[in-house]
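To start, the structure itself, in C-alpha cells.
Start at 1 and go down the list; that is how both ligands and their atoms are numbered.
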Amino acid sequence: MNVILDCDPGHDDAIAIILAASKISPLHIEAITTVAGNVGVEKNTLNTLKICDIVGLKEVPVAQGSTRPMVKESEIAEEIHGESGLDGPNLPAVPQKEKIDQHAVDLIIEKLIGAKEPITLVPTGPLTNIAMALVKEPNIKANIQEIVLMGGGTFGNWTPAAEFNIYVDAEAAKVVFESGVPIRMFGLDITHQVLATNETITDLQQIKNPVAEFVAELLEFFIQAYKDHFDFDGGPIHDACTVAHLMDPSIFTFEHVHVDIETKGEFTYGMTSVDLGGVTGKAPNVYVATDLNQDKFWSLFKEAISAY
Ligand code: BDR
Ligand code: CA
C-alpha cells in the first residue's frame with residue numbers, strides 16, 4: 001500500500017513514521033510532507049529529517065509545507081512537545097538528510113496525479129496541506145485511496161470542544177471532510193485509549209536497538225508532559241493509531257457516520273460534530289474509530305520496533 005505521511009513531528013508523529021518505516025511494515029512511503037502544527041513548519045521539517053536519519057529512510061522525499069493555517073493565525077503545542085517540537089532525546093542540531101526543493105502541496109499533487117495505483121494520505125497534523133492540495137488540484141481525488149487521519153473526537157484537548165489538529169485549522173478540516181474523499185478518523189475517543197506508560201518504556205529498553213532507545217527517550221518526555229499538562233497517567237500516542245491500522249486493519253473497529261466541522265462557534269470552533277446517534281439524517285462521510293484490541297496494538301508496536 002502506498003502512503004504519504006503528512007505530519008508535524010511531534011513525539012507521536014515520530015512514532016507513526018517509525019512504525020511505517022519498520023521492516024515488518026507493508027506500507028510503501030511515497031513521501032513525507034510537513035505542516036505547521038505542534039511547532040513551526042521549519043522545526044517540524046528538521047525533526048522529520050532527523051527521524052528519517054534514525055530509521056534509515058534515505059530515499060523517501062521530505063517536502064516542507066504550509067507555514068500557517070488557511071485563515072487564522074498559527075497556534076503551537078510547545079507545552080506538550082517542547083521548544084524543538086521533539087524534546088527529550090539528544091539529537092544532532094543538523095540532520096544528514098535534506099528536504100527536497102518543492103513545496104509539500106505540490107509534491108502531494110504530483111505524486112497523486114502521476115500515481116499508477118491510488119495512494120492513502122495519512123495526515124497527523126493540521127489539515128492545511130491536504131486542503132490546499134484539494135483546492136489547488138481537485139483531480140487528485142480520483143487517486144486518493146482514503147484519508148486516514150488523526151484528529152477530532154467527541155470532546156476536546158485544546159478547548160473543551162476541539163482537538164488540537166482540527167482546532168489549528170478548522171477551515172482546512174472543513175474542506176477535507178466535505179471533499180467526498182473516503183475518510184477514516186482516529187479522534188481522541190480512541191487515541192486516549194492508546195496510552196504509553198513507564199511499562200512501555202521498560203519494554204523498549206529491553207529491545208536494545210537504537211530506534212527502541214530513541215522511542216523510549218521520546219516517551220519519557222511525552223509521558224511527563226501529559227502528566228504535567230493533563231494529569232494523565234500515560235501518554236496517548238495518538239498519531240501512531242493511523243499507521244497501526246494500515247499495518248493491521250484488524251486492530252481497530254469503526255462506525256460509519258456523518259461528521260461536520262464547526263468553524264463558526266464562539267466556544268466550539270474546531271469541534272468535530274460526530275453523528276453517532278444518526279440524528280442528522282446526513283449520509284455517512286467518515287469511518288470513526290470507536291474501539292481497539294489493545295493486545296494486537298501493543299504487539300504490533302513492539303514487533304515493529306524490534307525489527308530495526
Ligand atoms: C494531536 O496533536 C498533536 O499535538 C499530536 O501530535 C497529535 O497529532 C493530538 O491532539
Ligand atoms: Ca501530530
Side-chain angles (χ1 to χ4, degrees), residues 3-20 32-41 43-48 51 62 64-66 69 74-88 104 121-130 147-170 172-173 176 184-196 215 218-219 221-230 232 234-245 261 269-272 274 288-289:
V3 298
I4 296 177
L5 308 178
D6 183 69
C7 56
D8 61 340
H11 297 68
D12 49 333
D13 301 80
I15 297 171
I17 296 171
I18 288 165
L19 296 185
I32 307 181
T33 52
T34 63
V35 66
N38 285 327
V39 288
V41 73
K43 286 184 183 175
N44 289 331
T45 306
L46 275 181
N47 292 340
T48 303
I51 297 160
V62 170
Q64 183 163 297
S66 306
S74 291
E75 190 129 359
I76 59 171
E78 261 185 2
E79 56 267 63
I80 305 298
H81 299 277
E83 202 199 325
S84 71
L86 206 57
D87 277 13
L121 302 182
V122 189
T124 56
L127 289 163
T128 321
N129 289 337
I130 309 299
I147 299 176
V148 177
L149 63 89
M150 190 282 138
T154 60
F155 57 91
N157 62 0
W158 207 247
T159 71
E163 180 279 332
F164 178 77
N165 288 342
I166 305 293
Y167 180 84
V168 168
D169 198 345
V176 171
R184 205 169 283 270
M185 170 178 137
F186 290 85
L188 298 176
D189 305 75
I190 194 76
T191 66
H192 278 187
Q193 296 178 48
V194 185
L195 287 178
V215 177
L218 284 175
L219 288 177
F221 183 92
F222 192 60
I223 290 169
Q224 190 59 47
Y226 261 82
K227 181 78 197 155
D228 296 344
H229 197 72
F230 294 112
F232 268 36
I237 49 172
H238 311 275
D239 297 340
C241 296
T242 57
V243 170
H245 159 72
I261 306 294
Y269 176 89
M271 174 185 171
T272 46
V274 184
V288 176

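- Annotation: the span from Asn47 atom CG to His11 atom NE2 amounts to 9.0 Å, rounded to 0.5 Å.
- Asn129 and Thr33 are not linked by any side-chain donor-acceptor pair at a separation below 3.5 angstrom, with hydrogens and angles left out of the test.
- Summary: OD2 is the N/O/S atom of Asp239 found nearest to the Ca ion (ligand 2).
- Contact annotation: His81 has at least one heavy atom less than 4.0 Å from an atom of ligand 1.
- At a threshold of 3.0 Å, the Ca ion (ligand 2) has no backbone or side-chain N, O or S atom of Met150 nearer than that distance.
- Defined by atom type and a distance below 3.5 Å, a donor-acceptor pair is present between the side-chain atoms of Asp189 and Thr154.
- Taking the N/O/S atoms of Asp8 in turn, the shortest distance to the Ca ion (ligand 2) belongs to OD1.
- Within the 4.0 Å heavy-atom criterion, neither part of Thr191 lies near ligand 1.
- With values rounded to the nearest 0.5 angstrom, Leu86 atom CG is found 5.0 Å from Ile51 atom CD1.
- For Glu83, the CD atom sits in a loose shell: 12 or fewer heavy atoms of surrounding residues, nucleotides or ligands are nearer than 6.0 Å.
- Contact annotation: Asp13 places an N, O or S atom under 3.0 Å from the Ca ion (ligand 2).
- Remark: ligand 1 and Asp12 share an N or O pair separated by less than 3.5 Å (distance only, no angle test).
- The shortest heavy-atom distance from Asn157 to ligand 1 is under 4.0 Å.
- Atom SG of Cys7 is separated from atom CD1 of Ile17 by 4.0 Å, given to the nearest 0.5 angstrom.
- In terms of protein heavy-atom proximity, atom 8 (O) of ligand 1 is nearest to Asp239 OD1, 2.6 Å.
- Using cut-offs of 30° and 60° on the angle between ring planes, the pair His238 and His192 is tilted.
- Close contacts between ligand 1 and Glu163 involve ligand atoms 1 (C), 2 (O), 9 (C), 10 (O) [criterion: under 4.0 Å to a heavy atom].
- For an aromatic pair to be called close, the ring centres must be under 6.0 Å apart, and His81 with Phe222 satisfies this.
- Nearest protein heavy-atom contact of atom 4 (O) of ligand 1 is Asn38 OD1, 2.6 Å.
- Near Asn165, with a cut-off below 4.0 Å to any heavy atom, the atoms of ligand 1 are 1 (C), 2 (O), 7 (C), 8 (O).
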### Task
In sequence, state the C-alpha distance, the side-chain angles, and the governing distance for Asn157 and Tyr167, and then conclude on side-chain contact (heavy atoms from CB on, under 4.5 Å).
CA-CA 10 Å; Asn157 62 0; Tyr167 180 84; over 6 Å; no
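- Considering backbone and side-chain atoms alike, Thr124 places an N or O below 3.5 Å from some N or O of ligand 1.
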